[in-house]
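In what follows, a single structure is set out as structure tokens and then discussed.
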Amino acid sequence: MGTAPTEIPKAYEPKQVEEKWYADWLAKGRFTADPSSAKPAYSIVIPPPNVTGMLTMGHVLNNTLQDILARRKRMQGYEVLWLPGTDHAGIATQTVVEKTLRKQGVMKHRDDLGREKFLEKVWEWKEKHGGIIIQQLKKLGCSCDWSRERFTMDEAYSQCVLRVFVDLYNKGYIVRGKRMVNWDPAGRTALSDEEVIMTETQGHLWHFKYPLVGSDQFVVVATTRPETMLGDEAVAVNPSDARYTHLVGHRVLLPLRNKQIPIIADEAVDPKFGTGCVKVTPAHDVADYEMALRHKLPFTVVIAPDGKMTEEAGEDFEDLDRFECREAVVEQLKEEGLLLKLEDYTHNVGYSERTNVPIEPYLSDQWFLKYPQVPRSTEAVEKGEIKFSPERWEKTYAHWMGNIRDWCISRQLWWGHRIPVWYRGEEIYCGLEAPKGDGWQQDPDVLDTWFSSWLWPFATMGWPEKTDTLKKFYPTADLVTGPDIIFFWVARMIMAGYEYMDARPFANVYYTGIIRDAQGRKMSKSLGNSPDPLDLIAKYGADGLRFGLMLIAPQGQDILFDEKRCEIGRNFMNKLWNAARFIQMQRATNPPQRPHNAHDLKILFEMNRAIETVSQALDEYKFNEAAKELYDFVWGDFCDWYIEASKVAPNIPVLDEVLGTILRLLHPFAPFITEELWNSTGGDGTIQFAAWPKAHPLAGADAELAARVDSLYEIVTAGRQLRNDYGIEPRKKIRYAIKPSGDEQFFRGETESLKLLLNAEDVTVDAQYAPGGLAPSLVTRAATIFMVGAMDVGAERQRLTKQLADIDKQLAATEAKLANESFVSKAAAVAVQRERDKQQQLREQRDKVDALLRALQ
RNA sequence: GGACGAUUAGCUCAGUUGGCUAGAGCGCUUCCUUGACAUGGAAGAGGCCACAGGUUCAAGUCCUGUAUCGUCCACCA
């Protein structure tokens with residue numbers, strides 16, 4: 001240093017610093033992973049955000065955590081690969097583009113445009129909006145290796161997807177079949193079970209009369225979905241239900257359709273529910289479908305894929321929307337006197353995750369995957385080959401794996417990987433390329449987005465080639481994601497990893513909490529309660545946003561986000577900035593070198609403790625604990641005490657060492673400001689590869705000395721308290737006298753620091769001190785402090801009496817414990833000794849306060 | 001209907017394997033433009049640790065139950 005430092009601004013101004021350093025890092029390839037490096041590998045793959053998405057608070061949380069892990073590992077000497085990329089997000093993206101095109105009047109339905117034209121539009125959209133989120137991640141400071149950025153619809157990645165499909169098809173894991181699936185009438189596609197959200201819905205339970213054929217009697221059925229009755233093929237009762245056994249085999253006349261349908265007996269019917277009679281609609285209800293298979297009933301489709309009624313529903317209802325039809329059916333049945341009653345009824349209805357409309361059970365030809373590697377994947381988590389954190393999610397995983405069902409992977413969409421299967425008459429061909437010969441038609445469907453995402457950890461690394469990257473960086477170390485996608489993504493990646501790499505895709509999974517607003521509501525676009533992270537970065541700096549969030553990100557607990565958090569983060573950065581500024585200014589005064597004093601040793605001791613605490617917390621993914629420790633150490637130990645005390649005689653090497661350690665410990669959390677300060681205080685180009693601090697033993701810096709200094713600080717606090725109690729303004733210099741209980745030498749040596757910390761014009765240290773007259777005083781563990789000058793006998797008596805009462809209360813508790821024989825005989829020896837010491841201490845303190853009080857009489 | 005989580009200061013949360021006077025930030029009160037920092041400093045007020053039992057010398061912490069809130073799973077029409 002030496003040369004006159006350029007003027008450092010009083011307040012930290014993040015904007016320029018952030019831009020400057022991010023550009024520098026990119027230019028120098030700081031984030032680029034080198035597969036040929038001799039260093040041990042550490043890798044993370046990013047949970048790929050939707051390519052056309054915008055950064056949310058969830059992303060900020062998630063990616064800050066990953067960045068912290070990656071940056072720390074670089075400092076610990078690992079060759080780090082944080083592999084970024086984006087997801088084509090099939091149904092989400094297609095839905096958004098369709099909506100936009102409809103709004104623009106380009107089309108009513110995608111069929112108006114046709115596949116080719118429509119896909120062109122989606123690609124246009126992707127070009128326009130794609131990658132915004134990548135720029136946003138850069139603003140946040142993410143240290144991803146952008147040279148390896150991947151997109152799930154990249155040519156190479158797409159090939160991986162198709163290759164896996166063909167392979168699983170050939171192995172018999174992928175099959176085509178006509179099954180009941182979750183159908184989204186708005187998106188007009190099948191969905192997986194995971195994409196259906198069950199929502200409690202207020203509905204009705206209608207009771208209808210179905211007349212018995214050849215009788216004036218009728219049976220009563222109850223339903224929540226009257227419109228499906230148009231497709232009824234039976235009425236079912238439980239075989240053991242004595243009320244109805246005589247009717248089994250009889251027929252009823254299906255109202256409105258004038259069709260005779262049988263009464264059947266089936267175990268699936270619960271006699272205790274409703275009337276015990278169930279209408280059976282084979283084509284529009286999962287349970288009914290299975291019943292129909294058992295009883296060989298026909299499947300009458302009355303609801304079309306677009307949610308409108310079919311011709312089979314009858315001319316009165318054809319072309320009505322399913323919900324309009326519901327009303328119409330009820331109306332007609334009412335007119336015919338067949339509506340017996342109507343009850344309010346709350347039940348669960350499945351909604352499409354994307355289009356938010358009720359799902360229709362729908363019978364159709366789809367592709368299904370029987371999951372590979374289920375036992376091995378289940379066991380991997382059970383036995384700890386893959387660790388979940390927090391552990392409780394292991395149970396959720398095990399439960400899902402234990403009840404795993406085939407995955408419907410085909411989607412009736414256009415945006416995605418087209419299924420590599422071709423048909424010609426009865427022939428079927430599955431392969432990477434279209435088969436030779438004429439007349440082959442490719443399956444029109446595309447694959448579920450997650451069918452590409454589940455290959456992410458290795459498909460991004462060049463698989464199926466055995467690339468250097470794959471060899472060096474697979475398996476990855478940590479995965480950071482939300483627990484909401486355990487089934488969608490995590491579980492499937494594990495199975496794919498074992499199937500194609502014969503190895504786990506990651507060693508640890510850290511599940512973040514969900515970010516909610518200050519009222520605890522989920523952040524959503526419709527509520528408008530989700531702040532734009534870029535606004536927050538502009539206002540508080542990326543470091544401030546990151547740190548503020550980390551401070552409140554407890555392990556796997558939901559996070560109530562409030563902008564106040566960013567303020568805390570920003571203020572902390574500013575505090576650090578000014579501490580560095582102070583050191584810079586001291587350096588400029590060229591203070592003489594001197595041996596370590598008690599304050600120096602104390603801060604070095606605390607520094608060692610901070611290093612250990614932060615390191616361990618990060619090892620255990622306790623990010624908030626690490627952040628908290630940094631906050632307390634920097635603000636409390638370093639700024640409030642050490643820097644203040646050091647104003648007596650600054651010890652530049654110690655100030656530098658502590659600051660340097662702070663910068664390195666803080667760098668993963670706050671990459672920009674630490675890089676800036678590292679370089680402006682003599683650093684060597686970048687802090688990113690500076691060694692992660694290790695606690696080192698230092699002669700004299702021990703717990704005993706730290707405790708002595710603490711007792712000194714305690715005296716300072718007592719002195720300030722006296723000043724405050726007597727309403728003496730902070731700036732006024734006053735006189736104190738200190739009467740130590742022991743260790744007089746130590747306190748005498750601290751006269752100068754005491755004067756400074758107490759803002760005193762004079763501090764007398766004397767073990768035999770007796771005030772000339774009466775003086776306000778406070779008794780601490782190590783000494784009694786007197787404030788010379790002001791005195792108010794009444795107030796003083798009140799204060800001392802209160803203090804005496806406090807001591808007595810504690811003393812009573814301690815003595816009660818020691819009087820308890822079971823405690824003395826059964827408690828651990830250290831616990832007993834601790835109580836004895838405390839008793840001794842309190843007694844001495846009590847005597848002194850008592851004496852002071854008596855002197856006032 | 002199951003499973004999991006939460007309940008500690010006005011608010012948001014810490015509280016490690018049970019053991020000093022239960023902590024922090026925000027907010028609140030009083031004083032302070034003292035040469036790092038008003039995005040700051042000093043000093044305060046504020047808690048039946050949801051409730052009821054139990055284990056223990058000792059429970060915010062362990063066990064059982066209850067209540068409230070939340071999340072996930074589950075095809076009763």
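Convention: sequence-line order gives letters A, B, ...; per-chain numbering from 1. Excluded from the calculations below are hydrogen atoms, water molecules and symmetry mates; all remaining heavy atoms, backbone and side chain alike, are included.
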With heavy atoms under 4.0 Å as the rule, sort [X] into base, sugar-phosphate or nothing.
X	value
A/Phe487	sugar-phosphate
A/Lys575	base
A/Thr717	sugar-phosphate
A/Val286	nothing
A/Arg720	sugar-phosphate
A/Asp725	nothing
A/Arg836	nothing
A/Glu567	nothing
A/Gln721	sugar-phosphate
A/Lys647	base
A/Trp206	nothing

For the residue pair [Y] / [X], report whether a side-chain donor-acceptor contact shorter than 3.5 Å exists.
X	Y	result
A/Asn182	A/Asp193	yes
A/Glu620	A/Gln616	yes
A/Glu194	A/Trp489	no
A/Glu844	A/Gln840	yes
A/Glu195	A/Ser192	yes

Worksheet item: When rounded to the nearest Å, what value does the distance between C1' atoms of B/rU61 and B/rC75 take?
Response: 43 Å

Discussion item. With a 4.0 Å cutoff (strictly under), does any side-chain N or O of A/Lys628 reach OP1 or OP2 of B/rC13?
Written reply: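 Checking A/Lys628 against B/rC13: no side-chain N or O falls below 4.0 Å of OP1 or OP2.
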
Discussion item. Quick check on B/rG40: is either OP1 or OP2 less than 4.0 Å from any side-chain nitrogen or oxygen of A/Asn571?
Written reply: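 Yes, because at least one side-chain N or O of A/Asn571 sits under 4.0 Å from OP1 or OP2 of B/rG40.
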
Minimum side-chain heavy-atom gap [X]-[Y] below 4.5 Å:
X	Y	value
A/Phe208	A/Thr223	yes
A/Ile552	A/Asn624	no
A/Leu722	A/Arg799	yes

Nucleotide [N], atom [atom2] - distance to [atom1] of [X] in whole Å:
X	N	atom1	atom2	answer
A/Arg225	B/rC76	CZ	P	15 Å
A/Leu560	B/rA6	CG	C1'	11 Å
A/Glu714	B/rA43	CD	C1'	16 Å
A/Arg565	B/rA14	CZ	C1'	12 Å
A/Ile552	B/rA14	CD1	C1'	13 Å
A/Lys809	B/rC20	NZ	P	15 Å
A/Asp562	B/rG25	CG	C1'	12 Å
A/Phe572	B/rA24	CZ	C1'	14 Å

Discussion item. To check you understand the geometry: which heavy-atom pair defines the closest contact between A/Tyr12 and A/Asn574, and what is its length?
Written reply: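 Closest approach of A/Tyr12 to A/Asn574, heavy atoms only: N-OD1, 3.0 Å.
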
Fill in: Contiguous Watson-Crick or G-U pair runs (3 or more, under 3.5 Å) in RNA chain B
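Paired runs of 3+ in RNA chain B: B:1-7 with B:67-73, B:10-13 with B:23-26, B:28-32 with B:40-44, B:50-54 with B:62-66.
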
Worksheet entry | Check: B/rA42 base within 3.5 Å donor-acceptor of A/Glu729 side chain | no

Between side-chain atoms of residues 803-813 of chain A and protein atoms elsewhere (two or more places apart, or another chain), which donor-acceptor pairs fall under 3.5 Å?
residue: A/Gln803; atom: NE2; partner: A/Val779; partner atom: O; Å: 3.0
residue: A/Asp808; atom: OD1; partner: A/Arg846; partner atom: NE; Å: 2.6
residue: A/Asp808; atom: OD2; partner: A/Arg846; partner atom: NH2; Å: 3.4

Practice prompt. Examine A/Tyr540 together with A/Phe572 and report whether their ring centres are nearer than 6.0 Å.
Written response: no

Each nucleotide N or O in nucleotides 2-4 of chain B that has a protein N or O under 3.5 Å away: list the pair and distance.
residue: B/rC4; atom: OP1; partner: A/Lys395; partner atom: NZ; Å: 2.9

Worksheet item: More 5' along RNA chain B: A/Tyr345 or A/Glu194, using each one's nearest nucleotide?
Response: A/Glu194

Worksheet entry | Among B/rU39, B/rA77, B/rA74, the nucleotide that comes nearest once only the side chain of A/Asn574 is considered |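 Nearest to the side chain of A/Asn574 among the choices is B/rU39.
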
Item to complete: Please list all pairs passing the salt bridge (charged side-chain N to carboxylate O under 4.0 Å, His left out) test where one or both residues lie in residues 536-546 of chain A, with sequence neighbours left out.
Response: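 Only A/Asp67-A/Arg546, A/Lys539-A/Glu563 qualify under salt bridge (charged side-chain N to carboxylate O under 4.0 Å, His left out).
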
Practice prompt. Using the salt bridge (charged side-chain N to carboxylate O under 4.0 Å, His left out) rule, collect all pairs that involve residues 274-294 of chain A, keeping only residues at least two apart or in two chains.
Written response: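 Checked against salt bridge (charged side-chain N to carboxylate O under 4.0 Å, His left out) - neighbours excluded - the pairs reaching residues 274-294 of chain A are A/Asp232-A/Lys279, A/Asp266-A/Arg294.
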
Could you pull out the protein-nucleic contacts involving nucleotides 56-60 of chain B (nitrogen or oxygen on both sides, under 3.5 Å)?
residue: B/rC57; atom: OP1; partner: A/Lys826; partner atom: NZ; Å: 2.3
residue: B/rC57; atom: O2'; partner: A/Asn820; partner atom: ND2; Å: 3.0

Practice prompt. Verify, without hydrogens or angle tests, whether A/Ser389 (side chain) and A/Glu391 (backbone) share a donor-acceptor contact under 3.5 angstrom.
Written response: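 No, A/Ser389 side chain to A/Glu391 backbone: no donor-acceptor pair under 3.5 Å.
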
